[in-house]
Amino acid sequence: MREPDSAWSRNRLGSCKGAEVTASAGMACELIRFMSPDDANIAGNVHGGTILKMIEEAGAIISTRHCNSQPGEPCVAALARVERTDFLSPMCIGEVATVSAEITYTSRRSVEVQVNVLSENILTGAKKVTNRATLWYVPLSLKNVDKVLEVPPVQYMRKEQEEEGKKRYEQQKLERLETKQRNGDMIFPVINPDPYTVGYSQSSLIHLVGPSDCTLLGFVHGGVTMKLMDEVAGIVAARHCKTNIVTASVDAINFHEKIKKGCVITISGRMTFTSNKSMEIEVFVDADPFVDEPQERYRAVSAFFTYVSLSKEGKPLPVPQLVTETEDEKKRFEEGKGRYLQTKAKRQVHLQPLAQQ
Amino acid sequence: MREPDSAWSRNRLGSCKGAEVTASAGMACELIRFMSPDDANIAGNVHGGTILKMIEEAGAIISTRHCNSQPGEPCVAALARVERTDFLSPMCIGEVATVSAEITYTSRRSVEVQVNVLSENILTGAKKVTNRATLWYVPLSLKNVDKVLEVPPVQYMRKEQEEEGKKRYEQQKLERLETKQRNGDMIFPVINPDPYTVGYSQSSLIHLVGPSDCTLLGFVHGGVTMKLMDEVAGIVAARHCKTNIVTASVDAINFHEKIKKGCVITISGRMTFTSNKSMEIEVFVDADPFVDEPQERYRAVSAFFTYVSLSKEGKPLPVPQLVTETEDEKKRFEEGKGRYLQTKAKRQVHLQPLAQQ
Amino acid sequence: MREPDSAWSRNRLGSCKGAEVTASAGMACELIRFMSPDDANIAGNVHGGTILKMIEEAGAIISTRHCNSQPGEPCVAALARVERTDFLSPMCIGEVATVSAEITYTSRRSVEVQVNVLSENILTGAKKVTNRATLWYVPLSLKNVDKVLEVPPVQYMRKEQEEEGKKRYEQQKLERLETKQRNGDMIFPVINPDPYTVGYSQSSLIHLVGPSDCTLLGFVHGGVTMKLMDEVAGIVAARHCKTNIVTASVDAINFHEKIKKGCVITISGRMTFTSNKSMEIEVFVDADPFVDEPQERYRAVSAFFTYVSLSKEGKPLPVPQLVTETEDEKKRFEEGKGRYLQTKAKRQVHLQPLAQQ
């Protein structure tokens, strides 16, 4: 969680600045796009997944550019991790999204990118911060996709920036290791589930990976995966509460396994926890490289999405409580509650200034 | 700066050819498009589904145009049925597809459209007929989607054209009724299936219907549905034989139920029959209008796709025989064999001249 | 099943009309497409960029076809220049666009294509000319992209057609040379700009070039570039006047430098001039081949777009005057005024008949 008063989080509308962390040319990068009906749900709210996809595209461009900024083997930066991301205010059809990315730290083999998303109501000129995200990329050789190359170092204006970056780097490294353990779970169909049970709302999407989903290396863009994950989480949430639902936040996502062009991917979601006004949905992505004989289906990513339900006026609505039936479901509900309370506590400490925006 | 009175700038609408079946303006319509990597599989062969989607777009334009050609209630032509379609030769990335549609018959409440698809290697100038399709559309009122309007009659050059059209109309009406009966079947997951069994290759895709999938009436374009159906059939075929596979033909498809924007659709496929060099795959489309409370999931469409397996040189390869296990699978295999033999017999009678092209 | 010898199934390639300029088969080519929500802004007006992209696709097909119509080295026609293009009337979602292209002149190494765009309200049958464009293509060898091949000559019905074409050819050649000089300009971010200044509305857009953006030669389609240019110009215009804005015209665009697959392209726009009811926006495209080590970022294209602001009823609205601050901005404003007055004068001379359509 970043402090909103840092150099980075100042209003970045001013476009591509070197800011305080500087050195290589093209340190910041901006991506602007009109939001169209295809980006949004029926109520006109842009899908969280569309925003995550834009965030990742900006991150991939800036980090690939940075990693190729010194002579050496050409490479493509691949997404390794996205830190927990909050959706601070909704974005609507017809608004302009401005996504600014900046490199804020480099370790020997990874790049930290911070991304800011603004929505701009082009008719009134009103601008709002809708997201702040932190992503980690690693440079993979264009000739040998299994080889991670070295990252040219960035220069910092203040010594503390490097130290803070290093702390964030160590922290995420630990968390990445932890999540490598879990991930074994599966979702099975339930016949005639009762309303508000886990089986009632659980959902899947299945997608064949095409050329436009992939990077130059022939692997799925992290942003494409996150968009599908958000889509399935949205279906689970809508099935549960039958109202207009929007993404409130996404927990940290680790990309341990790449997904290759031509795979079939199954994205499954199930509700794990409900508070009075929010739902937590666990999402799994499984890749099946069905033509490559020896390779088995594998778990590529998993994450927790939090959704809220909105009235027609855009006010949060109460959410029907999740009915847990099995021991596993009860356990997951308790774990979800733990995450919910922890986040709530953190938010009270760190994010207070945001409320004033 | 051109003068608007030059030969070039004359109104070019005259390009809609009346051909032999004529009367209302704009009887024929043509659609031309470059084939891009997004349209094709890894071997560079354009998906049958991409072609079906273009065929349906041309058919929808010409029949909507015709049905609105006389004063009265505005309407949108909706796809009711596609007759059996053969893929006569492959289309590749970089080639130009030319899709020509023509109205060949009208009943009181339906329109028959015949569509021709040509592939053109733009470098050598070589052109090949890749498809011929016949589609049936019905005009639905723009104000009341459940109301089928009357179709303005076409005029025929020769009396026999009308009579032949009427025969085709009666024939398809009968067949439509028949298929309304079956459709109850479901596909269930199989744990650890053996190679070459039905469970080994069965597959699904799940898709959330977005605005760009839909017509002005807010229902999914028939062509969008067919593209997804072909995609799942292709996955089943590739899982079975692990080679480059292409669509050889599609049996008649009847669209009994519309699918609305916002539905989740599940497209499932299972292999039903293999001959020496072909595979038959049955595909189901189920729509789940999950937010509209009272409505249940329903079967919207089903169809049989035939695939062949190709070597790197584009020659047909032998196909591993399907291993049937249950009584139902054995029954479906025999039914598929029946369809296979019937088509083979028909082809020898009717399509001989095609072989000479 | 139809008999292949029926009237309908005769080879329909004959639909490529020879018109008056004739000789090689397939001189004209037509492209028809439904306009979907993805093609339009929130008010339902199809983006000028979508239309430019279709125009270029039709031009690329017909000129590539022509350049390969005689035995010799295979080639791909690459867009070299688009003449000034006016948007004569708006196109809307649900309408059908018909794009007809015809070759009107050939020099030794270039092809002139004229393209006509019609919008068709398929419910009422109403048709309108929305655009007329002239494009110049050059044939590049498929084996050596830096080699320009010779163009087979077209035959003309009337001697004057050839002479008029030659004049247009000489004229555009001169203009191409001129624009090769400028192009050095850059757009810098402005902190806290005042409303209606240049810095207030300037915008950029970053895009990673993917496989489906490219021709067989692996270079970006001119139409893809123009679509992105129009998108950024639209954002600039909307930021300036906060209303529904539409493309009114595009000045001649010269494509001096190709853009390769895998590049990152930055498309930047800034307002240069406002009249009472129109805005002129200058757009730059810079390509960054960041993976190819030695190559520097370069200016690939630049152009001027003119936009108008529309009321809800589709009537032109007054535009807030652009506030120029620096000497450069004032100079550009005067230059823009010059272009505006020149176009206005030309239109009064040449385009009078159009007003009667």
Side-chain angles (χ1 to χ4, degrees), chain A residues 36-44 47 49-50 93 186-189 191 195 200-201 203-214 218 227-228 230-232 234-245 260-269 288-294 296-297, chain B residues 36-44 47 49-50 93 186-189 191-192 195 200-201 203-214 218 227-228 230-245 260-269 288-294:
Chain A
S36 85
D38 265 7
D39 298 319
N41 63 18
I42 287 174
H47 296 298
T50 300
I93 296 180
M186 287 279 287
I187 290 179
F188 291 103
I191 312 292
Y200 179 70
S201 59
S203 305
S204 304
L205 288 171
I206 309 180
H207 174 75
L208 176 63
V209 175
S212 291
D213 299 326
C214 293
K227 185 167 190 284
L228 289 164
D230 176 69
E231 200 169 310
V232 89
I235 294 171
V236 172
R239 281 198 160 126
H240 184 79
C241 59
K242 317 274 178 203
T243 54
N244 178 32
I245 46 81
K260 212 174 164 180
K261 184 157 66 188
C263 280
V264 168
I265 52 178
T266 303
I267 309 101
S268 316
D288 184 354
F290 61 99
V291 175
D292 295 348
E293 193 56 85
E296 297 262 313
R297 181 178 162 131
Chain B
S36 85
D38 264 7
D39 298 317
N41 64 19
I42 288 173
H47 296 296
T50 300
I93 295 179
M186 288 279 288
I187 290 179
F188 291 103
I191 312 294
N192 293 327
Y200 180 68
S201 59
S203 305
S204 304
L205 289 171
I206 308 181
H207 175 74
L208 176 63
V209 174
S212 288
D213 299 326
C214 294
K227 188 168 188 284
L228 289 164
D230 176 69
E231 200 169 311
V232 89
I235 294 170
V236 172
R239 280 197 161 129
H240 184 79
C241 59
K242 318 274 180 205
T243 54
N244 178 31
I245 47 81
K260 212 175 164 179
K261 184 157 67 186
C263 280
V264 168
I265 52 177
T266 302
I267 308 102
S268 316
D288 184 354
F290 61 96
V291 176
D292 294 349
E293 194 55 84

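Throughout, protein chains are lettered first and strands after them, A, B, ... in sequence-line order, and every chain is numbered starting at 1.
Put simply, of A:Asp213, A:Val264, A:Ile235, the one with the most heavy-atom pairs under 4.5 Å next to chain B is A:Ile235. Counting heavy-atom pairs closer than 4.5 Å to chain B, the top residue among A:Gly262, A:Ser201, A:Ser204 is A:Ser204. For the set B:Ser36, B:Ser203, B:Gly210, B:Ser212, the count of heavy-atom pairs under 4.5 angstrom toward chain A peaks at B:Ser212.
Looking at every heavy atom in both residues, A:Pro211 comes nearest to B:Pro37 through CG-O, 3.3 Å.
Here B:Leu208 contributes atom CG and A:Leu228 contributes atom CG; the two are 10.5 Å apart, rounded to the nearest 0.5 Å. Taking CG of A:Leu205 as the start and CD1 of B:Ile206 as the end, the distance is 6.5 Å to the nearest 0.5 Å.
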